[in-house]
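Just so we're on the same page: letters track the sequence lines, and every chain starts at 1.
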Amino acid sequence: MLEHETADGLVAVMLSEVEAYAGSIDPASHSFRGKTGRNAVMFGPPGHAYVYFTYGMHFCANLTCGPEGTATAVLLRAGRIVEGVPLAAARRLAGRPGARIPDRDLARGPGRLGQALGIDRAQNGVDACDPASPLRIRAAAPEGTPGQISEGPRVGVSSAADWPWRFWRTGDPTVSVYRPYVPRTRPKPVSPSAAEDGTIPR
DNA sequence: TGGGCGATTGGCT
DNA sequence: GCCAATCGCCCAC
């Protein structure tokens, strides 16, 4: 379980889905090509939050897990909000007047989970194992039947997509919908004639 | 230094 | 099912 406490209140999430990323040996990992300003936290000690901004609008959270220097982490893909549901819903609905979101969808997906918890750049690098940290892991008794964990390919990665490093609670309705990687279609041609004569490269 | 594209999402056809 | 939104990262030039 993970919780984030801000001036607005506290939101806690029981994680239902994660993905593993393995540093320099994993072509799909942000840390595959070495240490940069963005991924520096991944190279640090375990138990810290690695937050990245993607698609111009989403903050996704990871927890580093391997020894310092290994740049291994788990992406927090989905979970069930167990505390602070009204606050999580308010964050998810901001800018969308009239919309309604089922509770189970509040943190169903990495971008949604980040928004529901109020995660942003300020949490990058914080020690989630420190009880005094605003963003911290919380011990929780396992729910349901032990051993009900499924595994499968990771979502949205363009390389090593077949590595079965996504793990989720079998049958949990808060697990995100799987979408296989699909290459983006190229931007529309700069001129109709260029498109017709096939000079636009794939 | 420029431009393609991403560990995504929500709205519309 | 398809596509726009939106911006920072990072590789290639």
Side-chain angles (χ1 to χ4, degrees), chain A residues 2 13 15-43 48-66 70-79 81 88-125 151-168 174-190 194-195 199-202:
Chain A
L2 186 75
V13 62
L15 297 171
S16 62
E17 179 187 5
V18 297
E19 271 177 8
Y21 288 88
S24 61
I25 66 165
D26 180 1
S29 173
H30 286 173
S31 52
F32 181 61
R33 297 171 204 284
K35 190 174 179 177
T36 68
R38 177 176 65 153
N39 65 24
V41 172
M42 285 185 82
F43 289 80
H48 289 239
Y50 164 51
V51 177
Y52 69 91
F53 182 64
T54 192
Y55 288 97
M57 62 189 92
H58 301 298
F59 290 101
C60 300
N62 298 247
L63 289 176
T64 57
C65 51
T70 57
T72 53
V74 287
L75 168 68
L76 311 181
R77 283 200 57 88
I81 306 296
R91 285 170 173 155
R92 293 272 283 107
L93 291 168
R96 284 196 290 153
R100 286 176 46 247
I101 304 176
D103 283 358
R104 74 177 203 177
D105 288 350
L106 288 174
R108 194 184 195 191
R112 293 167 166 181
L113 186 149
Q115 186 176 28
L117 283 180
I119 302 286
D120 62 24
R121 275 179 246 284
Q123 282 72 53
N124 190 40
E151 65 176 59
R154 295 178 289 186
V155 178
V157 297
S158 56
S159 52
D162 56 323
W163 297 16
W165 283 5
R166 183 169 64 104
F167 304 90
W168 65 92
T174 67
V175 172
S176 69
V177 179
Y178 177 67
R179 290 193 213 104
Y181 171 75
V182 181
R184 272 191 172 195
T185 54
R186 64 180 187 273
K188 70 178 182 179
V190 290
T199 57
I200 299 297
R202 187 187 303 262

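- With centres under 5.5 Å and a plane angle under 30° as the test, the ring of Y55(A) is not stacked against the base of dA5(C).
- Under the 4.0 Å criterion applied to side-chain N and carboxylate O atoms, D105(A) and R100(A) are not assigned as salt-bridge partners.
- Atom-to-atom distance recorded for D103(A):CG and I81(A):CD1 is 9.0 Å, nearest 0.5 angstrom.
- For L75(A) and dT8(B), the CG to P distance is 7 Å, given to the nearest whole Å.
- When the C1' atom is used for both dC5(B) and dC3(C), the distance is 15 Å, rounded to whole Å.
- With F53(A) as the aromatic partner, R121(A) meets the cation-pi criteria of under 6.0 angstrom to the ring centre and within 45 degrees of the ring axis.
- Rounded to an integer number of Å, the gap from OH of Y52(A) to C1' of dC7(C) is 15 Å.
- The two residues S159(A) and A28(A) come nearest to each other via the heavy atoms O-CB, 3.3 Å.
- Checking the phosphate oxygens (OP1, OP2) of dA7(B), no side-chain nitrogen or oxygen of R166(A) falls inside 4.0 Å.
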Dot-bracket for DNA chain B, please. Rules: Watson-Crick or G-U, both distances under 3.5 Å, ( ) within the strand, [ ] when a pair crosses earlier ones, | for another strand, . otherwise. ||||||.|||||.
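- Phosphate proximity of dT9(B) to R96(A): absent, as no side-chain N or O sits under 4.0 Å from OP1 or OP2.
- In the set dG10(B), dC7(C), dT8(B), dC7(C) carries the atom at the smallest distance from any side-chain atom of F53(A).
- What separates CG of L113(A) from C1' of dA7(B) is a distance of 13 Å, to the nearest Å.
- Separation of atoms OG1 (T174(A)) and CZ (R104(A)) is listed at 9.0 Å; rounding is to 0.5 Å.
- Toward the 5' end of DNA chain C, the nearer of the two residues H58(A) and R121(A), judged by each one's closest nucleotide, is H58(A).
- Base contact: G56(A) has a heavy atom under 4.0 Å from a base atom.
- Following rounding to the nearest Å, R179(A) (CZ) and dT9(B) (P) show an atom-to-atom distance of 7 Å.
- Between R108(A) and S158(A), the one whose closest nucleotide on DNA chain B sits nearer the 5' end is S158(A).
- Salt-bridge annotation for R154(A) and E19(A): absent, with no side-chain N of the basic residue lying under 4.0 Å from a carboxylate O of the acidic one.
- Protein atom CG of D162(A) is 15 Å distant from nucleotide atom C1' of dA7(B), rounded to whole Å.
- If you check residues 19-43 of chain A against DNA chain C, the residues with a heavy atom closer than 4.0 Å are R33(A), T36(A), R38(A), listed by number.
- Atom C1' of nucleotide dA7(B) and atom CE of M57(A) are separated by 15 Å, given to the nearest angstrom.
- Atom CD of E17(A) and atom P of dT8(B) are 10 Å apart (whole Å).
- When every heavy atom of Y21(A) is checked against every heavy atom of S29(A), the shortest pair comes out as CD2-CA, 3.8 Å.
- Where R112(A) and V155(A) each meet DNA chain B at their nearest nucleotide, the meeting point lying more 5' is that of V155(A).
- Using a cutoff of 4.0 Å between basic side-chain nitrogens and carboxylate oxygens, E151(A) and R166(A) are not scored as salt-bridged.
- In this structure, F59(A) atom CZ and dG8(C) atom P are separated by 9 Å, rounded to whole Å.
- When all heavy atoms are compared, the tightest approach of Y178(A) to P153(A) is OH-CG, 3.5 Å.
- Listed nucleotides: dA7(B), dT9(B), dG10(B). Nearest to the side chain of V157(A): dA7(B).
- The shortest non-hydrogen separation linking F43(A) to G34(A) is CZ-C, 3.6 Å.
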